[in-house]
Amino acid sequence: MYDGSEIDESSSCVITEGNSGSTCEISFTFDEDVTGPMYVYYEIHKFYQNHRTVQYLYETYDDIISPIKGVTDEHFINWMTTAGLPRFRKLYGKIDQDITAGTTWTFNMTLNFEVRSYGASKSLVLTNLASDDISVSRRAMKGLGFLLALYLVAKASY
């Protein structure tokens with residue numbers, strides 16, 4: 001996981017205002033062989049998504065959204081799916097290959113989302129654990145919580 005915590009303030013990976021369009025390069029070197037596929041996520045901490053102003057998004061993101069055609073970028077569609085908690089991961093892509101130790105991957109990013117002004121942070125996460133695997137365990141925990149809630153309600157009723 002790359003979280004930018006070791007970046008000095010003069011780095012091109014630090015932005016101070018949104019929609020800056022500056023670019024940043026981040027490299028990862030794998031210490032060991034990894035069986036693919038690899039999933040690339042971006043993760044944000046201490047951020048509450050609020051989409052009450054979606055009718056005006058085309059004014060802010062005119063290169064991604066048009067008032068007639070709607071949203072044209074699949075990554076933006078994913079971003080607009082509201083997260084329920086202030087810490088979340090969103091899938092950016094999937095890389096279908098195995099990686100050998102010593103391989104270096106470099107990510108070139110365009111920076112448009114500033115987070116430091118409100119104490120949030122963002123990270124780039126590489127994993128070979130699919131979000132589906134995580135979702136299954138979350139659903140199981142939710143199911144157990146629901147059953148416990150039913151039990152407690154039934155117990156309180158008698």
In Å, rounded to the nearest 0.5 Å, how long is the span from [atom1] of [X] to [atom2] of [Y]?
| X | Y | atom1 | atom2 | result |
| --- | --- | --- | --- | --- |
| R116 | K122 | CZ | NZ | 9.5 Å |
| L124 | F107 | CG | CZ | 5.5 Å |
| M38 | L126 | CE | CG | 5.0 Å |
| L91 | R89 | CG | CZ | 11.0 Å |
| M109 | T23 | CE | OG1 | 10.0 Å |

Is it true that, when you exclude D31 itself, more than 12 heavy atoms of the residues, nucleotides or ligands shown sit nearer than 6.0 Å to its CG?
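At most 12 heavy atoms, drawn from other residues, nucleotides or ligands, come within 6.0 Å of this atom.
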Which label fits Y39 and Y41: parallel for a plane angle under 30°, tilted from 30 to 60°, or perpendicular past 60°?
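The arrangement is tilted - the two ring planes meet at 30° to 60°.
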Is L148 isolated, or which residues cluster with it under the ILVMFWY side-chain rule of less than 4.5 Å, directly or via members?
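Y151, L152, which link up through side-chain heavy atoms under 4.5 Å apart, make up the rest of the cluster.
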Measure across [X] and [Y] and return the closest heavy-atom pair with its distance rounded to 0.1 Å.
| X | Y | result |
| --- | --- | --- |
| F28 | I26 | CE1-CG2, 4.0 Å |
| V34 | F30 | CG2-CD2, 3.9 Å |
| V115 | S121 | CG2-CA, 3.9 Å |

Mind checking what makes side-chain contact (heavy atoms from CB on, under 4.5 Å) contact with K46, not counting sequence neighbours?
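Testing K46 for side-chain contact (heavy atoms from CB on, under 4.5 Å), a comparison that skips the adjacent residues, returns A120.
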Could you go through residues 92-104 and list every donor-acceptor pair under 3.5 Å that involves a side-chain atom there, pairing it with any protein atom two or more places apart or in another chain?
residue: D98; atom: OD1; partner: G36; partner atom: N; Å: 2.7
residue: T100; atom: OG1; partner: T103; partner atom: OG1; Å: 3.1
residue: T103; atom: OG1; partner: T100; partner atom: O; Å: 2.7
residue: T104; atom: OG1; partner: T29; partner atom: OG1; Å: 2.9

